[in-house]
Amino acid sequence: MDPVDAYRVELCAVEAVTNAIRHAYGNRAGDEVSVTVCIRDNKLEVEVADTGLAMLAAQVSQLSTGSDVFEFDARDRASLPIGGMGLQIMRESMDEVSYQSDGKVNRLLLSKRLSDQELDSVKNNVGARD
Amino acid sequence: MRFEQTMVGDVLVAKVLDSRIVADVAPRFKHQLIGYITGGNRSIVLDMRAVSFIDSSGLGALVSSLKVIGRDGDLVLCGTGGTVASMFKLTRMDKVFRMFSTTEEAVAALTLDSGVSVEQAPLSN
């Protein structure tokens, strides 16, 4: 995978885990955030799950509609964002971002299409470890 | 967070020695940067050569520091190549922070801004 794409996948996973710790668990220690990575249907999928508070509806809809957090005036330092960037980073970096909550487990699914070359590379690396 | 500081004339060059600036260290990162500013530094070069990963928390700490400086100075970056630079581009922060390849270029730009002479003096941490 291209180093910039790989960075962005890692970045999205980090942002999602940070959001779960901060917002689902309110920075409380001792709770679990699980991260599952798999290749499915020519896509790299990263699922970040928690059992804390679910995301607000407005935040969930932001995943599909986007936000204007990066539409700032670069010359006006007072207008620059210092937070609220994570969801928009995920939206702009991944091909698909979805969120589901069944009242017990909250699951954020990040998905990125892989090229044939990237898929071959993954298979070869897995084969090399067997 | 670990830093190494050097004064070059009136410009503070702060080299970040850690490779990852993410949520768990971002508050300390911000505290250190704001400490430089409240300590009287108005021209700061942040050497990011050792940084291989920064998330939105780290970016937020940088932006917070820029807000504290306001119009009365500047915080510029150097050594933000490759993937780290892509993070600034993704968030449009490449339009906000001046970025240079080397500390020398960054110091020269800030020195030109403030019109001061350059004389290097290492600082103890």
Side-chain angles (χ1 to χ4, degrees), chain A residues 1-29 33 35 46 48 50 59 62-63 66-95 97 110 112, chain B residues 18-31 33-34 37 42-44 46 48 51-77 80-99 113:
Chain A
M1 183 179 269
D2 173 81
V4 170
D5 285 340
Y7 183 98
R8 289 188 179 183
V9 171
E10 181 181 356
L11 175 64
C12 291
V14 167
E15 298 289 343
V17 170
T18 301
N19 278 355
I21 293 169
R22 277 189 186 153
H23 304 302
Y25 297 127
N27 285 321
R28 193 175 62 232
V33 180
V35 180
V46 181
V48 178
D50 67 73
Q59 293 171 317
Q62 189 188 314
L63 287 172
S67 80
D68 61 0
V69 68
F70 299 135
E71 302 300 316
F72 49 76
D73 177 357
R75 294 162 302 178
D76 178 11
R77 290 181 177 175
S79 76
L80 302 176
I82 57 170
M85 296 181 255
L87 295 181
Q88 190 64 12
I89 285 173
M90 292 178 211
R91 187 174 187 277
E92 294 190 15
S93 300
M94 306 300 287
D95 292 314
V97 185
L110 306 161
K112 190 161 189 67
Chain B
D18 294 302
S19 63
R20 292 177 71 87
I21 308 174
V22 293
D24 59 335
V25 299
R28 277 172 281 163
F29 181 58
K30 177 178 159 183
H31 180 77
L33 294 179
I34 290 179
I37 300 161
R42 287 292 174 272
S43 298
I44 302 172
L46 194 64
M48 306 258 292
V51 178
S52 60
F53 192 91
I54 183 168
D55 71 355
S56 69
S57 305
L59 211 53
L62 283 174
V63 173
S64 294
S65 305
L66 203 60
K67 285 173 183 265
V68 172
I69 287 187
R71 293 179 179 179
D72 188 27
D74 208 357
L75 167 69
V76 305
L77 311 176
T80 49
T83 51
V84 170
S86 78
M87 171 62 168
F88 284 83
K89 193 170 183 183
L90 172 68
T91 56
R92 289 189 63 241
M93 292 298 172
D94 60 328
K95 311 286 184 204
V96 173
F97 291 94
R98 284 198 283 169
M99 294 190 264
D113 288 350

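Per chain, numbering begins at 1; letters A, B, ... match sequence-line order. Note that the structure is a prediction, hence the values are computed from the model and not measured.
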Would you mind telling me which of Leu90(B), Asp55(B), Ile69(B), Val96(B) has the largest number of heavy-atom pairs within less than 4.5 Å of chain A?
->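 The residue among Leu90(B), Asp55(B), Ile69(B), Val96(B) with the greatest pair count is Leu90(B).
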
Region of Ile54(B) in contact with chain A, defined by heavy-atom distances below 4.5 Å = both

Heavy-atom contact with chain A under 4.5 Å, split by part of Phe53(B) |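 Phe53(B) touches chain A through backbone and side-chain heavy atoms alike.
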
Go through Leu46(B) and Leu33(B) one step at a time and tell me if the side-chain contact (heavy atoms from CB on, under 4.5 Å) criterion holds.
-> CA-CA 9 Å; Leu46(B) 194 64; Leu33(B) 294 179; 3.8 Å; yes

Go through the structure and list residues passing side-chain contact (heavy atoms from CB on, under 4.5 Å) with Val68(B), not counting sequence neighbours.
-> Ile34(B), Ile37(B)

Proximal to chain B - members of residues 72-85 of chain A, heavy-atom separation under 4.5 Å =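 Residues of residues 72-85 of chain A touching chain B at under 4.5 Å: Phe72(A), Ala74(A), Arg77(A), Ala78(A), Ser79(A), Leu80(A), Pro81(A), Ile82(A), Met85(A).
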
Can you tell me which residue pairs pass the side-chain hydrogen bond (donor to acceptor under 3.5 Å, both in side chains) test with a partner in residues 83-97 of chain B, sequence neighbours excluded?
-> none

salt_bridge(Asp18(B), Arg28(B)) N-O dist < 4.0 Å =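 Salt bridge flag = no for Arg28(B) with Asp18(B).
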
Is the side chain of Gln62(A) donor-acceptor paired with the backbone N or O of Ser67(A) at a distance under 3.5 Å, no angle test?
-> no

Val63(B) versus Phe97(B): any side-chain heavy-atom pair under 4.5 Å?
->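 Yes; the side chains approach each other to less than 4.5 Å.
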
Enumerate donor-acceptor pairs with a distance under 3.5 Å from any side-chain N or O in residues 8-17 of chain A to protein atoms, sequence neighbours excluded.
| from | atom 1 | to | atom 2 | distance (Å) |
| --- | --- | --- | --- | --- |
| Glu10(A) | OE2 | Arg20(B) | NH1 | 2.9 |
| Glu10(A) | OE2 | Arg20(B) | NH2 | 3.1 |
| Glu15(A) | OE1 | Ser56(B) | OG | 2.7 |
| Glu15(A) | OE2 | Ser56(B) | N | 2.7 |
| Glu15(A) | OE2 | Ser56(B) | OG | 3.0 |

